[in-house]
Every structure is written in structure tokens, then in C-alpha cells.
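Take a look at the structure set out below.
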Amino acid sequence: MVDQPPSTDSPPSAGNAAIEALLAADETTTPIAYDQLAGGSNANLAKATLSSVTPVSASLLSAMHQLDNAHDSPGNSPRHAAGNADTGRVWLQALGHGGKLDRDVEPMQHSTKGLLLGADWRIDEAWRLGLMGGTSDTRIDSKELDGDLDSWHLGAYALRQTGPLSLRLGAAWSSHEGSTRREVSFDRFHDRLKGSYHATTQQAFIESGYNLDRANVSIEPFAGLGYQGYQRDGYTEKGGAAALKVHAQSHGNFNTTVGLRMAKVSTLDNGMRLTPRFSAGWKHVYGETYTSTRQRLATGGHDYTVYGAELDRNSLQLDTGLDLAISNSHAVGVGLTGEIGTDSRNHGVSGQWRMAF
């Protein structure tokens, strides 16, 4: 969505081949030309990037969930981590994540592949601390814009376990190097445009859960508060008269999630522990849900605002997986995630290896 079209009467744009082609277009071609020249998909870079980093904070939470009741637990209550509370751990997680923004109107699709490495250790009877680092690559595809995003991630997390009550805190910072490609083509005018930019994202969360142990079954109601922030530097496209000067963009939202998490531990004949798990949560986003950016033709003209796909105010989050503790020192797991909102769909798959030391 655009609040006004690219200016056709500003002196700096005089002689611009793209504007001249627009003025010469017929009534049928003019709306198409306006849409292409406006570059409205640039505003979706924020939401696509925020969606691509969601698995990073989810991985920090997953690492802590596997430590739930690792100590001070009665009987056969679930233990999702390899080893015990007196040990440290290292974990490696490969992830694949994808989704679709604004699925009903010219959707933008994104897909991410990444690798995360983490470690955590016990501080005292109640607290454990952990660190994480990783990298990911994201591909963005839409009718109007294609792009790539190379990302680096750093994170830290802490778990406080007091009997059945868990408190989980985490934060992650990501740096992104992005590139975009657009094609503007109407009548006899044709431009291939490229842009490159730098962006950063921040995520933070706090979650509390109460584990209702039932023999080898864990049932945990939980509630959490989170934040996601995005900042992108301004950049100027290259490639022809239709190139845009895109100003800096920033966006941030708080969110809350409430839900229920379940897991069941089964000990196999060979001594390995198999743990199927499932969780469902309802996420609510606060604040402004529209993403927007200011831009203009690189050769001059008035600034105008374009609006991207709206963030889902409410969404259903699902997570299911299977963990296998091969020994007291090694465990592996696979997981599937999904987030279903009014205008967007996201899904992911992950594989994890953990080693206690």
C-alpha cells in the first residue's frame, strides 16, 4: 500500500525515463506502472526478517525446556536433557524455516536454513546459564521483489529451576546483510534494479512454567512476555531510472504467549529414553502491526510511504517433536513447528544433537 505515487511533477525527476514512460502509458498500463515504480514490497523486508529470526529465540527456549526437572525431581519425572544437572552441555541445532506473508494478496514467501551452536552450565542449585552463536541464510521471493539475507546470531539464556517452577530468560542479537532484486517492466520501459543493505534484529523473552508431574508424564502450563525489534539502514538501488532511494526502517513489538506443554518419557529395552513432546500456545502482539518505509526515486522527487504486510495480532503456535537420549552423555531430537495467523503462515523443522560433559 502506498500513501502517494512517485512524484511526476517534482523538478529533480524531470527527464527521468521511468516517469516519461509512466506519463505516456495508457489507462490500462498506468496502475501496473505505478505499482512497479512504487516498490511497495520494500516495506515487507522488516516482517520477512523478523519471521526468519523467530527460530533463534525458539531454539534458546527449546534448550531450556530440555533441562526442565533435570534435578530435584521425584521418581521418574521427565528428564529431557542428556546427562544431569551437575554437568554442562553443548548442543548443535540445524534448522529449516519458511512461511508466507500476506497470503491472500500477492504473497511474499521466505525460507531460511541455519545452524546454531550452544553451551550451558550450572551456576548453583537453582541457576544455569548458556550462550549461543550461529548463522543462517534466508531467501525471499515475491512477484515484485526477490532477495537474500545472510545472518549472524549471538544469544544468551538463563534458567532458574525451583522445584516444579521454572523461570526462563533469553536474548538474541542478529546482524543481517541483505540484497534485493526488482524488475520494472511496462510498455517499452524495462529496468532491472538491485539493492544492498545492513540490518539488525533484537529478541528478548521471559517465560515461566509450572510442571505438573504425573509419573513419567510432564504437563506444564506456561506464560511468557517477549520483544522483537528491527532496524535497517537506508540504501539506494542501482540499475536504471526506476531506482529508488529507500530510507532507514525500524519496527518493534512486545508480545505475550500463554499455552500448555506436554511430554512423556519411555525407557526402551536397551536403556535409551524416548520422549515425544507437544506444545500449543496463543500469541498476542501489542503496538503497531503495520510495517512501513519512506522512499523516493533516486534521481529526485517527493518522499512517499509504502506499507507492508500487517503483523498478525493473534496467532496459534504449535510445536511437536521426538527426543532420544542415547546415553547419559548424548541425545538427539527432531522437531516440527508451526505458527498460524490471520494473514501469515510459518512452519519449521529442526534437528538437534546434545552432549553432556
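Predicted model only: the values in this text are computed from it and were never measured. For the numbers below, each heavy atom of this structure counts, side chains included, while hydrogens, waters and symmetry mates do not.
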Heavy-atom side-chain proximity of [X] to [Y] below 4.5 angstrom:
X: His176; Y: Val53; result: yes
X: Glu237; Y: Asp191; result: no
X: Gln352; Y: Gln66; result: yes
X: Leu60; Y: Phe205; result: yes
X: Leu318; Y: Phe278; result: yes
X: Glu183; Y: His190; result: yes
X: Leu193; Y: Arg182; result: yes
X: Gln231; Y: Gln202; result: yes

Between [X] and [Y], is there a shared hydrophobic cluster once you connect ILVMFWY residues whose side-chain heavy atoms come closer than 4.5 Å?
X: Ile219; Y: Trp282; answer: yes
X: Leu145; Y: Leu149; answer: yes
X: Val90; Y: Leu324; answer: yes
X: Val349; Y: Val334; answer: no
X: Leu274; Y: Ile326; answer: yes

Original post:
Which is it for Thr256 and Val258 under the side chain to side chain contact (heavy atoms under 4.5 Å, CB included) test, yes or no, and what are the steps along the way?
Top reply: CA-CA 7 Å; Thr256 54; Val258 294; 5.8 Å; no
I'd like to know if the side chain of [X] and the backbone of [Y] have a donor-acceptor N/O pair within less than 3.5 Å.
X: Asn16; Y: Ala241; result: yes
X: Ser327; Y: His330; result: yes
X: Asn253; Y: Tyr286; result: yes
X: Glu220; Y: Arg261; result: no
X: Arg89; Y: Ala63; result: yes
X: Thr29; Y: Asp26; result: no
X: Gln295; Y: Gly39; result: yes
X: Thr291; Y: Ala43; result: yes
X: Asp150; Y: Glu177; result: no
X: Asn216; Y: Val265; result: yes

Which heavy-atom pair separates [X] from [Y] by the least distance, and what is that distance?
X: Gln249; Y: Ser292; result: NE2-O, 3.2 Å
X: Val56; Y: Ala172; result: CG1-CB, 4.0 Å
X: Ser196; Y: Tyr235; result: O-CB, 3.2 Å
X: Ala38; Y: Leu244; result: O-CD1, 3.6 Å
X: Arg181; Y: Ser179; result: NH1-OG, 3.9 Å
X: Phe186; Y: Ala18; result: CZ-O, 4.1 Å

Q. Should Met262 and Val217 be marked as a side chain to side chain contact (heavy atoms under 4.5 Å, CB included) after you check the CA-CA gap, both sets of side-chain angles, and the distance that decides it?
A. CA-CA 7 Å; Met262 297 179 290; Val217 176; 5.9 Å; no
Between Arg277 and Asp319, does at least one N-O distance fall below 4.0 Å, as a salt bridge requires?
->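 Result for this pair is yes, salt bridge flagged.
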- Query: For Trp127, does the CH2 atom sit with more than 12 other heavy atoms under 6.0 Å from it, leaving out its own atoms?
  - Reply: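 Correct, the count exceeds 12.
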| said: With a 6.0 Å cut-off (strictly less than), is the heavy-atom count around CG of Asp269, excluding the residue itself, greater than 12? | reply: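 Counting other residues, nucleotides and ligands, CG of Asp269 stays at 12 neighbours or fewer.
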#### Entry: Matching residue for His110 among Thr138, Asn346, Asp141 - test: side-chain hydrogen bond (donor to acceptor under 3.5 Å, both in side chains)
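It is Asn346, the one option of Thr138, Asn346, Asp141 that forms the side-chain hydrogen bond (donor to acceptor under 3.5 Å, both in side chains) with His110.
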>> Determine whether Glu207 and His65 satisfy the following criterion, side-chain hydrogen bond (donor to acceptor under 3.5 Å, both in side chains), listing intermediate values before the conclusion.
In response: CA-CA 11 Å; Glu207 180 187 275; His65 295 156; 3.2 Å; yes
Should the pair Tyr290 and Tyr307 be assigned to parallel (<30°), tilted (30 to 60°) or perpendicular (>60°) ring geometry? perpendicular
Using 30° and 60° as the class boundaries, would you call the ring planes of Trp91 and Tyr157 parallel, tilted or perpendicular?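 Tilted, since the angle between the ring planes falls between 30° and 60°.
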Legend entry - Residue among Asp148, Asn44, Leu45 satisfying side chain to side chain contact (heavy atoms under 4.5 Å, CB included) with Ile140: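 When side chain to side chain contact (heavy atoms under 4.5 Å, CB included) is applied between Ile140 and each of Asp148, Asn44, Leu45, only Leu45 qualifies.
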Only residue of Leu37, Ile32, Thr30 satisfying side chain to side chain contact (heavy atoms under 4.5 Å, CB included) with Tyr34 is Thr30
May I have the step-by-step check of side-chain hydrogen bond (donor to acceptor under 3.5 Å, both in side chains) for Arg294 and Thr305, ending in yes or no?
CA-CA 5 Å; Arg294 297 282 289 175; Thr305 301; 2.7 Å; yes
Spacing of [atom1] belonging to [X] relative to [atom2] belonging to [Y], to within rounding of 0.5 Å:
X: Thr337; Y: His97; atom1: OG1; atom2: NE2; answer: 5.5 Å
X: Arg122; Y: Leu159; atom1: CZ; atom2: CG; answer: 11.5 Å
X: Met272; Y: Thr267; atom1: CE; atom2: OG1; answer: 12.0 Å
X: His247; Y: Arg296; atom1: NE2; atom2: CZ; answer: 6.0 Å
X: Lys100; Y: Ser51; atom1: NZ; atom2: OG; answer: 13.5 Å
X: Asn42; Y: Tyr197; atom1: CG; atom2: OH; answer: 9.0 Å

message: Evaluate Met108 against Ser41 for side chain to side chain contact (heavy atoms under 4.5 Å, CB included), listing each step before the verdict.
response: CA-CA 8 Å; Met108 172 178 281; Ser41 291; 4.2 Å; yes
Before you tell me yes or no, could you show the steps for Thr49 and Arg232 under side-chain hydrogen bond (donor to acceptor under 3.5 Å, both in side chains), namely the whole-Å CA-CA distance, both residues' side-chain angles and the distance that decides it to 0.1 Å? CA-CA 10 Å; Thr49 305; Arg232 175 185 50 72; over 6 Å; no
For this session: Go through the steps for His302 and Tyr304 under the test side chain to side chain contact (heavy atoms under 4.5 Å, CB included), then give the verdict.
Result: CA-CA 6 Å; His302 295 304; Tyr304 59 95; over 6 Å; no
